[in-house]
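If you read the sequence from its start, that first residue is 1, and numbering goes on from there. In this text, all values refer to a predicted model and were calculated from it rather than measured experimentally.
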Amino acid sequence: MASILRSPQALQLTLALIKPDAVAHPLILEAVHQQILSNKFLIVRMRELLWRKEDCQRFYREHEDSVVSASREIAAFFPDFSEQRWYEEEEPQLRCGPVCYSPEGGVHYVAGTGGLGAA
């Protein structure tokens with residue numbers, strides 16, 4: 001099912017992390033996923049990973065609420081993702097639609113492209 005977004009404002013990238021206790025319970029994970037979708041967030045990349053305790057501690061120690069921090073964190077989780085390319089090429093198409101959601105890939109994509117982005 002395609003939806004058309006018509007927003008005069010540029011989309012912003014947001015990194016969402018789902019903690020292990022939520023991921024461990026499929027019903028909770030699905031509820032979190034549905035909440036993200038029902039709030040009209042577009043999922044443009046998705047990745048599952050398992051971190052050691054030390055990795056988590058370092059990540060949260062370095063975390064700041066800033067655009068620079070968000071860019072650094074997105075790059076850490078998605079090393080092949082080009083934020084500049086996304087804003088130049090994908091963001092305008094996703095903002096103006098039509099947009100589809102792929103349950104198999106867990107991401108939104110521009111209708112007619114077949115989908116991109118699941119890592």
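Atom CG in Leu11 sits 6.5 Å away from atom CG in Leu94 (nearest 0.5 Å). Rounding to the nearest 0.5 angstrom, the gap separating the CH2 atom in Trp86 from the CZ atom in Arg45 is 9.0 Å. Here Leu13 contributes atom CG and Tyr87 contributes atom OH; the two are 4.0 Å apart, rounded to the nearest 0.5 Å. Between the NZ atom of Lys40 and the NE2 atom of His108 there is a distance of 9.5 Å, given to the nearest 0.5 Å. How far CZ of Phe77 is from CE of Met46: 14.0 Å, rounded to the nearest 0.5 Å. Atoms CD and CD, on Glu83 and Glu88 in that order, are 11.0 Å from each other to the nearest 0.5 Å.
Using modelled atom types, one finds no donor on one side chain facing an acceptor on the other under 3.5 Å when comparing Glu89 with Gln93.
Within the 4.5 Å cutoff, the side chain of Ile18 has no heavy atoms near those of the Glu48 side chain. Side-chain contact between Ile43 and Leu37 is present, with at least one heavy-atom pair separated by less than 4.5 Å.
Around the CD atom of Glu54, the shell of radius 6.0 Å holds more than 12 heavy atoms that belong to other residues, nucleotides or ligands. Within 6.0 Å of the CD atom in Glu30, the count of heavy atoms belonging to other residues, nucleotides or ligands exceeds 12.
Residues satisfying the side chain to side chain donor-acceptor pair (under 3.5 Å) criterion with His33, sequence neighbours excluded, are Tyr101.
When the side chains of ILVMFWY residues are joined at heavy-atom separations under 4.5 Å, either directly or via intervening members, Leu27 and Val32 end up in two distinct hydrophobic clusters. One hydrophobic cluster holds both Leu49 and Val44 under the rule that ILVMFWY side chains link at heavy-atom gaps under 4.5 Å.
The minimum heavy-atom distance between Arg47 and Pro79, with the atom names listed, is NH1-CD, 4.2 Å.
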